[in-house]
Amino acid sequence: MKVCFIFSGQGAQYNGMGKELYDNFSICKQVFEDANNALGFNITDICFNEDERLNQTEYTQPSILTTSYAIYKLMEEKGIKADYMAGLSLGEYSALCASGSINFKECVTLVKKRGKYMTEAVPIGVGAMSAVMNADADIINEALKEASTDSELAMIANYNAPGQIVIAGHTPAIERSEIILKEKGIKKVIRLNVSGPFHTSLLKPASDKLAMELENITISTPNVHVFTNLTGEKVENIKDTLIKQVMSPVKWEQTIKNLINLGVDTFIELGPGKTLSSFVKKVTKEVNVYNVEDLSSLEKTCKGIGVE
C-alpha cells in the first residue's frame with residue numbers, strides 16, 4: 001500500500017470542524033492551543049462557535065491549517081504514515097507542516113498573513129471566480145480570451161479534476177465569460193462564494209508581500225515527498241514555489257495523476273470536508289480514497305487501512 005495524505009483547501013471550512021477530535025484526543029487539543037498561543041487569539045472560538053470570521057480569508061486559512069494539522073498529528077500518533085503528501089492551495093502549507101518542512105507555529109501565523117494579503121490584493125467585488133463543469137479547457141480558454149480586455153482579465157485558476165475547471169479574474173470579465181461559455185453550449189457555470197480572484201496574476205501584490213514574509217521563515221527539507229500545485233510535481237525550491245503558487249493556476253488534477261503514476265493506491269484527505277476526495281474519484285476509480293475530519297470518518301479510515 002502506497003499512501004498519500006492530501007490536505008483540504010480554502011472553502012472546505014464549516015462551523016464545528018475538528019471539535020470532536022479536539023474533545024477526544026489530547027494531541028489534537030494541543031495543536032489548537034499551540035495555534036492560540038502563536039496567533040494571540042482563540043482560534044477554537046472561530047472553528048467551533050458561530051463566528052463570521054471563519055469565512056473571512058485572513059481567519060479561514062489559519063483555521064483550516066490548524067484543523068488539518070491536528071488531524072495529521074492524530075494520524076501520526078496512531079502510526080499511520082504517508083509516502084507522499086499534497087494539498088490544494090492553502091492545503092500545501094498543511095502538507096509542508098506535516099512533512100516537517102515548516103514549523104507549525106510559524107506556519108499558522110504565516111497563512112494568516114497570506115490570507116490578509118490575498119484579501120488586500122484585490123478589493124472585494126472587483127474580482128470573481130466561477131466553476132465551469134464538463135467543458136474542455138480549449139473551449140474555456142477561447143471564451144476567456146474573447147471576454148478579456150486590456151484592463152479586465154479572465155483566466156483559468158484551477159484545474160481541479162476532469163470536468164471541473166475554475167476561472168477567475170475581474171468581475172466584468174468573468175460575467176462576460178459566463179455568458180460566452182453558455183453560448184458555446186456549456187450548461188453549468190457556478191459562481192463561487194469567495195472574496196477574490198485567487199490563483200491569478202491579479203494576486204501579484206499578495207505574492208510580493210508573501211515573498212518578504214518568507215524571508216523570515218525557516219524552511220527545512222521535507223521528510224516526506226511533497227507535491228506542489230504549481231507544477232503537479234515534487235516541490236523543489238519551496239520558498240520560490242510558495243511565492244508563485246498564490247498567483248498561479250492550481251494543477252490539482254495533474255498532481256493526482258502524477259502520484260498515481262508513482263504507485264499511490266490510497267489517498268487520505270485530512271481536514272474539513274471531502275472535496276479533494278471527490279476530485280480524486282473523478283480522476284480515477286482505481287484507488288482507495290478516505291477522509292478524516294471527525295470520529296466516524298476516523299473510524300472508517302482506520303478500519304479501511306487495517307489500523308486499530
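Just so it is clear, the model here is predicted, and its values are computed rather than measured. Note that these values count all heavy atoms, side chains included, but never hydrogens, waters or copies made by symmetry.
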4.5 Å side-chain heavy-atom contact, V31 and T66: yes
Separation between CG (L298) and NZ (K78), nearest 0.5 Å, reads 5.5 Å
E253 versus N160, side-chain donor and acceptor atoms under 3.5 Å: no
Are the charged groups of E120 and K116 less than 4.0 angstrom apart, N to O? yes
Using every non-hydrogen atom in the two residues, find where I174 and A128 come nearest and quote the distance to one decimal. CG1-O, 3.7 Å
Any donor-acceptor N/O pair, N223 side chain to S99 backbone, under 3.5 Å: yes
Stepwise salt bridge (charged side-chain N to carboxylate O under 4.0 Å, His left out) test for E152 and R176: CA-CA 10 Å; E152 295 175 346; R176 290 193 293 270; 2.9 Å; yes
Return yes when atom CG of N193 has more than 12 non-hydrogen atoms of other residues, nucleotides or ligands closer than 6.0 Å, and no otherwise. no
Compute whether any side-chain donor of one residue and acceptor of the other, for S248 and H199, lie under 3.5 angstrom apart. no
Can you tell me if NZ on K239 sees more than 12 non-hydrogen neighbours from other groups inside 6.0 Å? yes
Measuring from I180:CD1 to K145:NZ, what's the distance to the nearest 0.5 Å? 12.5 Å
So does M1 get a backbone contact from the side chain of T266, meaning a donor-acceptor N/O pair under 3.5 Å? no
Looking at side-chain heavy atoms only, is the closest gap between F198 and T57 below 4.5 Å? yes
Side-chain donor or acceptor of E146 paired with backbone N/O of L144 under 3.5 Å: no
Strictly distance-based, threshold 3.5 Å: is any side-chain N or O of D51 a donor or acceptor partner for the main-chain N or O of C47? no
State whether K274 and E293 are salt-bridged, where the test is any N-O pair (Lys NZ or Arg NE/NH1/NH2 against Asp/Glu carboxylate O) under 4.0 Å. no
Closer than 3.5 angstrom, by distance alone: can the side chain of N15 be matched with the main-chain N or O of N49 as a donor-acceptor pair? yes
Identify the two heavy atoms, one from V264 and one from V3, that lie closest to each other, and give their separation to 0.1 Å. CG1-C, 4.4 Å
Side chains of D294 and S297 only: does a donor on one sit below 3.5 Å from an acceptor on the other? yes
Looking only at non-hydrogen atoms, find the nearest pair between A95 and G87 and report the distance. CB-N, 4.3 Å
Audit row: I268, M75, side-chain contact (heavy atoms from CB on, under 4.5 Å) steps and yes/no: CA-CA 10 Å; I268 306 175; M75 301 295 277; 4.1 Å; yes
Reported OG-to-CD distance for the pair S8 and E269, which is rounded to 0.5 angstrom: 4.0 Å
Is it true that I124 and L153 fall in one hydrophobic cluster, defined by side-chain heavy atoms closer than 4.5 Å? no
Could you report the tightest heavy-atom contact between Y290 and G304, atom names first, then the distance? OH-O, 3.3 Å
Do F41 and N36 have side chains that approach each other closer than 4.5 Å (heavy atoms only, starting at C-beta)? no
Does L65 offer a backbone N or O that forms a donor-acceptor pair with the side chain of S68 under 3.5 Å? no
For the atom pair CD1 (I165) and OG (S130), what is the distance rounded to the nearest 0.5 Å? 13.5 Å
Same cluster or not: V250 versus V111, using hydrophobic residues (I, L, V, M, F, W, Y) connected whenever any side-chain heavy atoms lie under 4.5 Å apart? no
Apply the test side-chain contact (heavy atoms from CB on, under 4.5 Å) to residues N134 and I186: give CA-CA distance (whole Å), side-chain angles for both, the deciding distance (0.1 Å), then the verdict. CA-CA 7 Å; N134 303 316; I186 307 306; over 6 Å; no
Transitive ILVMFWY side-chain link L262 to V283, under 4.5 Å: yes
Report yes if some heavy atom in the side chain of M129 is under 4.5 Å from a heavy atom in the side chain of V194; otherwise report no. yes
Which atom names give the shortest non-hydrogen contact between V108 and K105, and what distance separates them? CG1-O, 3.4 Å
With side chains defined as the heavy atoms from C-beta onward, is the minimum distance between L110 and L214 less than 4.5 Å? yes
What's the spacing between K182 NZ and S177 OG if we round to 0.5 Å? 11.5 Å
Flag yes if more than 12 heavy atoms outside K204 fall under 6.0 Å of its NZ atom; otherwise flag no. no
Whether the side chain of T241 engages the backbone of N237 through a donor-acceptor N/O pair (distance < 3.5 Å, no angle test) should be reported. yes
Which of these passes side-chain hydrogen bond (donor to acceptor under 3.5 Å, both in side chains) with R114: Q245, E213, E58? Q245
Can you get from M133 to L181 by hopping between Ile, Leu, Val, Met, Phe, Trp and Tyr side chains that sit under 4.5 Å apart? no
Working to the nearest 0.5 angstrom, can you tell me the gap between F25 CZ and E20 CD? 9.5 Å
Run T67 and Y72 through side-chain contact (heavy atoms from CB on, under 4.5 Å) and show every step you take. CA-CA 9 Å; T67 303; Y72 165 73; over 6 Å; no
Could you tell me if K112 sits above the aromatic ring of Y59, with its cationic atom closer than 6.0 Å to the ring centre and no more than 45 degrees from the axis? yes
same_hphob_cluster(I102, F227) at 4.5 Å side-chain heavy-atom cutoff: no
Stepwise side chain to side chain donor-acceptor pair (under 3.5 Å) check, E92 with T228: CA-CA 7 Å; E92 203 162 290; T228 172; 2.9 Å; yes
Heavy-atom check, side chain of K73 versus side chain of E76, under 4.5 Å: yes
Is there a donor-acceptor pair closer than 3.5 Å between any side-chain N or O of T200 and the backbone N or O of A168? no
Please say which of F104, Y69, F48 ends up in a ring pair (Phe, Tyr, Trp, His ring centres under 6.0 Å) with F32. F48
Any side-chain heavy atom of N42 within less than 4.5 Å of one from I46? no
Could you pull out the closest heavy-atom pair between A82 and V224, with the gap in Å? O-CG1, 3.8 Å
Would Q30 and D34 satisfy side chain to side chain donor-acceptor pair (under 3.5 Å), going step by step from the backbone distance to the final call? CA-CA 6 Å; Q30 184 61 54; D34 288 345; 2.8 Å; yes
Residues F267, F5; criterion ring-ring contact (aromatic ring centres under 6.0 Å, His included); working and verdict: CA-CA 6 Å; F267 290 87; F5 289 160; over 10 Å; no
Heavy-atom check, side chain of K234 versus side chain of V226, under 4.5 Å: no
Return yes if some donor-acceptor pair links the side-chain N/O of S101 with the main-chain N/O of T221 below 3.5 Å, else return no. no
List the steps, then state whether side-chain contact (heavy atoms from CB on, under 4.5 Å) holds for L88 with L90. CA-CA 6 Å; L88 191 140; L90 166 68; over 6 Å; no
